[in-house]
**Q** 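Got a structure here, written out as structure tokens. Questions coming.
Predicted model, so just to flag it, every value in this text is computed and none were measured.
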Amino acid sequence: MTTSSSERGVSLGMPELPAPAYPDDVRARLETDAREVIARYPDSRSALLPLLHLVQSEEGHVTRTGMQFCADVLGLTTAEVTAVATFYTMYRRRPSGDYQVGVCTNTLCAVMGGDAIFEELQEHLGVGNGETTDDGKVTLEHIECNAACDYAPVVMVNWEFFDNQTPESAKRMVDDLRAGRPVAPTRGAPLCTFKETARILAGFPDEREGATEATGSAGPASLVGLKLAKGEAAPARVVHPRGEPPRDTPPHEPSPTEHLSSHDAPQDTSASDPSHPAGPTAEEGE
């Protein structure tokens with residue numbers, strides 16, 4: 001008995017059929033929104049990024065239909081649209097969950113516990129990187145940097161910050177998301193679904209009460225450079241070597257050229273979780 005190439009999952013390089021069109025009512029609604037977006041730019045092709053967010057808000061990921069729509073309204077080829085949609089990781093190319101849970105596994109977050117968080121979430125949710133739970137609620141992925149190193153380890157849900165996480169706090173958070181219980185980010189706007197987030201990123205107002213007023217402010221370490229640039233003195237901080245008791249040393253007043261980090265002193269992060277210690281277990285050279 002023989003099997004065909006299609007049954008074996010082998011592509012013969014045949015061209016894909018044209019992307020199916022949106023239903024008339026959906027296309028009419030998207031065209032109205034698209035005109036509003038395009039009007040913000042002197043060159044219509046500059047509207048491609050927000051329009052990709054717009055079509056992503058319709059289906060939860062950027063489909064071939066969505067890319068064809070963008071090409072049609074902007075006078076581009078589908079190849080030009082595809083090149084952009086496949087370059088930026090914020091555009092999903094396959095169905096995703098209501099909540100995109102991204103764990104930073106870049107260097108600082110990793111050593112502070114990000115790797116442990118990601119590994120435990122994979123086991124807890126039963127999914128791998130970029131995969132979605134069976135209930136369609138959570139898509140898990142590792143992210144190279146969330147630009148919040150002073151709050152490491154950081155997890156983001158639909159691009160909202162969850163700071164100073166531990167494996168246990170992260171597992172409680174995803175359990176609450178799947179159960180439909182309220183989940184509040186550490187800072188920033190209240191959570192909404194990924195489709196709703198995509199529409200906001202397309203440039204449409206967030207009309208939820210209090211959402212606009214909520215902000216994700218920078219942490220102390222992030223603001224040190226700004227303060228020094230303004231001529232303000234950074235606050236003094238005395239950090240004692242590991243294993244040594246505090247000494248009666250007068251505070252050192254930093255010069256304008258010195259840079260302080262919030263990681264110069266112990267933080268309430270995953271390092272405080274005895275089951276998942278962060279950082280080296282022995283001094284250098286031991």
**Q** Is there a donor-acceptor contact under 3.5 Å from the side chain of Glu80 to the main chain of Thr77?
**A** yes

**Q** Give a yes or no on whether the backbone of Asp98 and the side-chain of Asn158 come within a donor-acceptor separation of less than 3.5 Å.
**A**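 Answer holds: yes.
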
**Q** Find out whether Leu49 and Tyr88 are in side-chain contact, i.e. whether some heavy atom of one side chain is under 4.5 Å from a heavy atom of the other.
**A** yes

**Q** Could you check Val183 against Phe162 for side chain to side chain contact (heavy atoms under 4.5 Å, CB included), going step by step and ending with a plain yes or no?
**A** CA-CA 10 Å; Val183 175; Phe162 288 77; 3.5 Å; yes

**Q** Once you round to the nearest 0.5 Å, how far does SG of Cys149 lie from CG of Asn106?
**A** 7.5 Å

**Q** Just how far is it from atom CD of Gln165 to atom CG of Leu121, taken to the nearest 0.5 Å?
**A** 9.0 Å

**Q** Donor-acceptor pair, Arg94 side chain versus Gly130 backbone, under 3.5 Å?
**A** yes

**Q** Check the pair Phe118 / Asn129 against side chain to side chain contact (heavy atoms under 4.5 Å, CB included), numbers first and verdict last.
**A** CA-CA 9 Å; Phe118 185 65; Asn129 181 44; 3.9 Å; yes

**Q** Does this structure show an ion pair linking Glu168 with Arg172, if we count only N-O contacts that are shorter than 4.0 Å?
**A**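 Looking at Arg172 together with Glu168, the answer is no, because their closest N to O distance does not fall below 4.0 Å.
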
**Q** For Tyr41, I'd like to know if atom OH has over 12 heavy atoms of other residues, nucleotides or ligands within 6.0 Å.
**A** yes

**Q** So does Phe194 get a backbone contact from the side chain of Arg199, meaning a donor-acceptor N/O pair under 3.5 Å?
**A** no

**Q** List the steps, then state whether ring pair (Phe, Tyr, Trp, His ring centres under 6.0 Å) holds for Tyr91 with His61.
**A** CA-CA 7 Å; Tyr91 302 122; His61 66 295; over 10 Å; no

**Q** Identify whether Leu74 and Phe87 are in the same connected component of the hydrophobic contact network (ILVMFWY, side-chain heavy atoms under 4.5 Å).
**A** yes

**Q** Side chain of Asn164, backbone of Val154: donor and acceptor closer than 3.5 Å?
**A** no

**Q** Is there a side-chain contact between Pro153 and Thr166, using heavy atoms and a 4.5 Å cut-off?
**A** no

**Q** Does one hydrophobic cluster hold both Met67 and Met90, with members joined at side-chain heavy-atom distances below 4.5 Å?
**A** no

**Q** In sequence, state the C-alpha distance, the side-chain angles, and the governing distance for Ile200 and Cys192, and then conclude on side chain to side chain contact (heavy atoms under 4.5 Å, CB included).
**A** CA-CA 10 Å; Ile200 295 168; Cys192 57; 4.2 Å; yes

**Q** Looking at Phe204, does the NZ or CZ of Arg40 lie under 6.0 angstrom from its six-membered ring centre and within 45 degrees of the ring axis?
**A**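 Cation-pi check for Arg40 and Phe204: passes.
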
**Q** Under 4.5 Å between any side-chain heavy atoms of Thr197 and Glu160, yes or no?
**A** no

**Q** Could you pull out every donor-acceptor pair under 3.5 Å between side chains of residues 138-145 and any protein atom, sequence neighbours left out?
**A**
residue : atom : partner : partner atom : Å
Thr139  : OG1  : Gly97   : N            : 2.6
Thr139  : OG1  : Thr132  : OG1          : 2.6
Glu141  : OE1  : Arg92   : NH1          : 3.3
Glu141  : OE2  : Arg92   : NH2          : 2.8
His142  : ND1  : Thr105  : OG1          : 3.3

**Q** Minimum heavy-atom separation for Pro167 to Ile117, with atom names?
**A** N-CG1, 3.7 Å

**Q** Specify the closest pair of heavy atoms between Ala152 and Cys109, including all atoms of both residues, with the distance to one decimal.
**A**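 Ala152 and Cys109 have their closest heavy atoms at CB-SG, 3.6 Å.
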
**Q** Please determine whether a side-chain nitrogen of the Lys or Arg among Arg29 and Glu58 lies less than 4.0 Å from a carboxylate oxygen of the Asp or Glu.
**A**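 Salt bridge between Arg29 and Glu58, a charged N being under 4.0 Å from a carboxylate O: yes.
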
**Q** Give a yes or no answer on whether the side chain of Glu36 reaches the backbone of Ala34 with a donor-acceptor pair at less than 3.5 Å.
**A** no

**Q** Which heavy atom in Val37 sits nearest to a heavy atom in Ala202, and how many Å separate them?
**A** CG2-O, 4.0 Å

**Q** Tell me whether Val26 shares a hydrophobic cluster with Phe69, the cluster being built from Ile, Leu, Val, Met, Phe, Trp, Tyr side chains joined at under 4.5 Å.
**A**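 As far as the 4.5 Å side-chain criterion goes, Phe69 and Val26 are connected within one cluster.
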
**Q** Asp135: what forms a side-chain contact (heavy atoms from CB on, under 4.5 Å) with it, not counting sequence neighbours?
**A** Thr133, Lys137, Arg178

**Q** So does Leu191 get a backbone contact from the side chain of Glu196, meaning a donor-acceptor N/O pair under 3.5 Å?
**A**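 No: the side chain of Glu196 does not pair with the backbone of Leu191.
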
**Q** Are Trp159 and Val55 connected in the hydrophobic side-chain network, where two residues link if heavy atoms are under 4.5 Å apart?
**A** no

**Q** Sub-3.5 Å donor-acceptor pair from the side chain of Thr32 to the main-chain atoms of Ala28, do we have one?
**A** yes

**Q** How long is the span from the OG1 atom in Thr65 to the CD atom in Glu59, to the nearest 0.5 Å?
**A** 6.0 Å

**Q** So if you build clusters from Ile, Leu, Val, Met, Phe, Trp, Tyr with side-chain heavy-atom gaps below 4.5 Å, do Leu51 and Leu201 land together?
**A**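 No: no chain of side-chain contacts under 4.5 Å links Leu51 to Leu201.
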
**Q** Does the Arg208 side chain pair with the main chain of Pro190, one donor and one acceptor, at a distance under 3.5 Å?
**A**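 Yes.
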
**Q** Does Asn146 use its side chain to pair, donor to acceptor, with the backbone of Ala148 at less than 3.5 Å?
**A** no

**Q** Going through the checks in order, is the side chain to side chain contact (heavy atoms under 4.5 Å, CB included) test met by Arg27 and Glu31?
**A** CA-CA 6 Å; Arg27 185 177 180 91; Glu31 286 179 342; 3.0 Å; yes

**Q** Where do Ser44 and Ile38 come nearest, in terms of heavy atoms and distance?
**A** CB-CG2, 3.8 Å

**Q** Do Cys70 and Leu52 touch side chain to side chain, with heavy atoms closer than 4.5 Å?
**A** yes

**Q** Check whether any side-chain heavy atom of Asp72 sits under 4.5 Å from a side-chain heavy atom of Gln68, and report yes or no.
**A**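 Touching, per the 4.5 Å side-chain cut-off.
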
**Q** Report, as yes or no, whether the 6.0 Å neighbourhood of atom CG on Asp25 holds more than 12 heavy atoms from other residues, nucleotides or ligands.
**A**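 Yes, because the 6.0 Å sphere around CG of Asp25 holds more than 12 heavy atoms from other groups.
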
**Q** Would Arg187 and Phe161 count as a cation-pi pair here, with the cationic atom under 6.0 angstrom from the ring centre and within 45° of the axis?
**A** yes

